[in-house]
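Since this is a predicted model, take the numbers as computed values, not measurements. Within every chain, numbering begins at 1; the chains are lettered A, B, ... in the order of the sequence lines, protein sequences first and strands thereafter.
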Amino acid sequence: DVKVTQSSRYLVKRTGEKVFLECVQDMDHENMFWYRQDPGLGLRLIYFSYDVKMKEKGDIPEGYSVSREKKERFSLILESASTNQTSMYLCASSPTWTAGELFFGEGSRLTVL
Amino acid sequence: GDSVTQMEGPVTLSEEAFLTINCTYTATGYPSLFWYVQYPGEGLQLLLKATKADDKGSNKGFEATYRKETTSFHLEKGSVQVSDSAVYFCALPSGGYQKVTFGTGTKLQVIP
């Protein structure tokens, strides 16, 4: 069964802390994505990567960075967490040949105090 | 840019009622269209898709028809069950690199 695994389901951090959200996929997909999900706003794309060591900004990259050192792993980094980054973070992956078909992890709910 | 507009929820229905969730889109050309579903406590999963105009996607009793004349992709189900309670997202690929634009989601609650 194909799988996207996010390392933490729930995190609580303090303002100013550095936060790492890890995502691993076992489907050998080229593309990986980080979205955040907020009530009334739907899903908004933070960053995506179409290859190892490649990254592109999405719609809301401010305050975030990413790392993709291996094909299967895509990390989201909050250099200095702020309360407005309290949200649900969703990782997804897709193969190159299927436009729009994403496979999602279960999400990481981050609370910044 | 490309965008998707969904009806606002929440939608509350009794079991066995008919469901329609409206979705309209703005896009360059004729992209594929998708419905994703998010069950409580889970990530999103693909529910159905349509790849060209007049296509009908279907899965688990849900259907949606790609209508380019009205730029719509409304989700329907003839008889909902309590297990259909979830948030439903309309989506389309936009830009390059397989990016996907999502609607804001419509929460469905089905009561026994």
Side-chain angles (χ1 to χ4, degrees), chain A residues 1-10 21 23 25 27 29-51 54-61 66 68 74 88-109, chain B residues 1-10 21-25 27-52 55 57 59 64 66 73 86-107 109:
Chain A
D1 200 14
V2 296
K3 205 161 178 66
V4 177
T5 303
Q6 295 184 228
S7 56
S8 304
R9 291 295 304 274
Y10 301 95
L21 299 179
C23 175
Q25 51 99 0
M27 297 166 279
H29 286 166
E30 290 77 14
N31 305 309
M32 296 189 74
F33 307 82
W34 277 105
Y35 287 87
R36 65 177 281 178
Q37 181 180 10
D38 299 289
L41 297 177
L43 275 70
R44 293 178 291 168
L45 181 63
I46 304 171
Y47 266 98
F48 64 100
S49 169
Y50 54 91
D51 200 353
M54 306 304 289
K55 60 185 179 183
E56 293 285 338
K57 293 180 180 179
D59 300 317
I60 53 163
V66 291
R68 191 161 181 207
F74 192 36
M88 171 69 84
Y89 291 89
L90 293 169
C91 176
S93 71
S94 73
T96 299
W97 60 86
T98 56
E101 291 193 39
L102 303 182
F103 294 82
F104 282 87
E106 292 188 319
S108 298
R109 182 166 293 283
Chain B
D2 296 349
S3 66
V4 175
T5 302
Q6 286 182 239
M7 62 185 285
E8 294 212 10
I21 299 178
N22 291 335
C23 170
T24 57
Y25 66 91
T28 304
Y30 302 105
S32 298
L33 299 173
F34 300 84
W35 278 100
Y36 283 81
V37 58
Q38 184 179 34
Y39 298 104
E42 299 183 12
L44 280 72
Q45 55 185 274
L46 181 64
L47 178 61
L48 57 83
K49 69 175 183 180
T51 56
K52 61 183 186 296
D55 256 7
N59 186 25
Y66 189 157
F73 193 55
V87 182
Y88 293 82
F89 293 89
C90 189
L92 58 81
S94 61
Y97 301 116
Q98 316 294 325
K99 290 194 318 181
V100 178
T101 295
F102 289 87
T104 53
T106 302
K107 184 174 183 178
Q109 182 179 14

Proximity breakdown for B:E8 and chain A, heavy-atom pairs closer than 4.5 Å: neither

Heavy-atom pair with the smallest gap, counting every atom of A:Y89 and A:W34: CB-CZ3, 4.0 Å

Test applied, side-chain contact (heavy atoms from CB on, under 4.5 Å); reference residue, A:F74; option that passes from A:Q25, A:R68, A:H29: A:R68

Under 3.5 Å: donor-acceptor pair, side chain of B:T51, backbone of B:S32: no

Top contributor to chain B contacts, counting heavy-atom pairs under 4.5 Å, from A:L41, A:L102, A:D59: A:L102

pair B:Y36-B:L47: side-chain heavy atoms closer than 4.5 Å: no

Using heavy-atom distances under 4.5 Å, tell me whether [X] contacts chain B through its side chain, its backbone, both, or neither.
X     : answer
A:Q37 : side chain
A:P39 : neither
A:R9  : side chain

Interface residue of largest heavy-atom contact number with chain A, from B:G105, B:G103, B:P93, B:P31, under 4.5 Å: B:P93

Max heavy-atom pair count under 4.5 Å with chain A, selected residue of B:L46, B:T101, B:L44: B:L44

A:Y47 and A:E56: CA distance, side-chain angles, deciding distance, side-chain contact (heavy atoms from CB on, under 4.5 Å) verdict: CA-CA 6 Å; A:Y47 266 98; A:E56 293 285 338; 5.9 Å; no

Heavy-atom neighbours of A:R109 CZ exceed 12 at 6.0 Å: no

